[in-house]
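Below is one structure, written out as structure tokens; comments come after it.
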Amino acid sequence: MTILALFLALLISTLLHNVVVHGENYSYVNEACSVTRYQDLCVKSLSSYSNNAKRSPSRWARAGVSVTLSEVKSVSQYVNTMTSGGHMRGTRNRAALADCVECIQDALNNLHKSLGVLKRLNNNGGFNEQMNDVLTWLSAALTNQDTCINGFEGGRKNKEITSLCDKVQNASYITSNALALALVNKLASTGLQHYLGANP
Ligand SMILES: *[C@@H]1O[C@H](CO)[C@@H](O)[C@H](O)[C@H]1NC(C)=O
Ligand SMILES: *[C@@H]1O[C@H](CO)[C@@H](O)[C@H](O)[C@H]1NC(C)=O
């Protein structure tokens, strides 16, 4: 309860802060992104959804996962060209790269499953369970990407690996933002009144 109360207090204070700082330019996307950790990236990657999503937490959650999926797809293409190039030096880096390919594939699967559920979210029954699944899969996708990056630690990094890790890192920031948007969707639809009413 306390953590949720803190989360809500933080949510409300960031919201107010953003209204004050951004003034007249404060828009739906700023509002939605105010709960995310990487706000600039969030606004940049999601601004095109603003008119459609407005104040709908479920649409923002879907948009967040949708842009994450395309970002991770592009990472996947990049890492695949690296493996097919065959000029990766060092056994250690080759092994890390092979692991990374697998991790990114797992991340893609987790994101596909999440988007599938968000597209047919059911507000009547099973919503809570569906959102718990989505949160679990998004966290897993985040872990998949961290695992890829950590695999290269300790090895000698060349330019290609550094660039790959930057891309994966960027995708993981976007995933983290999507996770925050999904959490808000869960709280907004199921918990808010319940948690606000349940004072310890
Ligand atoms: C709002 O955006 C316009 C155009 O981008 C800019 O000129 C203006 O300074 C902004 N206002 C605030 C309060 O940030
Ligand atoms: C990070 O993601 C954003 C949004 O998709 C993109 O514009 C930017 O080029 C990416 N940066 C890197 C280093 O991949």
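In listed order, ligands and their atoms are each counted from 1.
- Qualifying side chain to side chain contact (heavy atoms under 4.5 Å, CB included) partners for Lys119, counting only residues two or more places apart in sequence or in other chains: Arg62, Leu115.
- Between Tyr28 and Ser47, the closest side-chain pair of non-hydrogen atoms is not below 4.5 Å.
- Here the OH-OG distance, from Tyr173 to Ser45, works out to 14.0 Å after rounding to the nearest 0.5 Å.
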Give a table of atom pairs where an N or O of ligand 2 lies under 3.5 Å from a protein N or O.
{"residue": "ligand 2", "atom": "2 (O)", "partner": "Asn170", "partner atom": "ND2", "Å": "2.3"}
{"residue": "ligand 2", "atom": "5 (O)", "partner": "Glu71", "partner atom": "OE1", "Å": "2.7"}
{"residue": "ligand 2", "atom": "7 (O)", "partner": "Lys44", "partner atom": "NZ", "Å": "3.1"}
{"residue": "ligand 2", "atom": "11 (N)", "partner": "Asn170", "partner atom": "ND2", "Å": "2.8"}
{"residue": "ligand 2", "atom": "14 (O)", "partner": "Asn170", "partner atom": "ND2", "Å": "3.3"}

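- Put simply, the side chain of Lys113 does not reach to within 4.5 Å of the side chain of Val134, judged on heavy atoms.
- Within the structure, side-chain hydrogen bond (donor to acceptor under 3.5 Å, both in side chains) contacts touching residues 135-145 (residues at least two apart or in different chains) are Asn110-Asn144, Gln145-Thr175.
- For Arg55, the side-chain hydrogen bond (donor to acceptor under 3.5 Å, both in side chains) partners are Glu31, not counting sequence neighbours.
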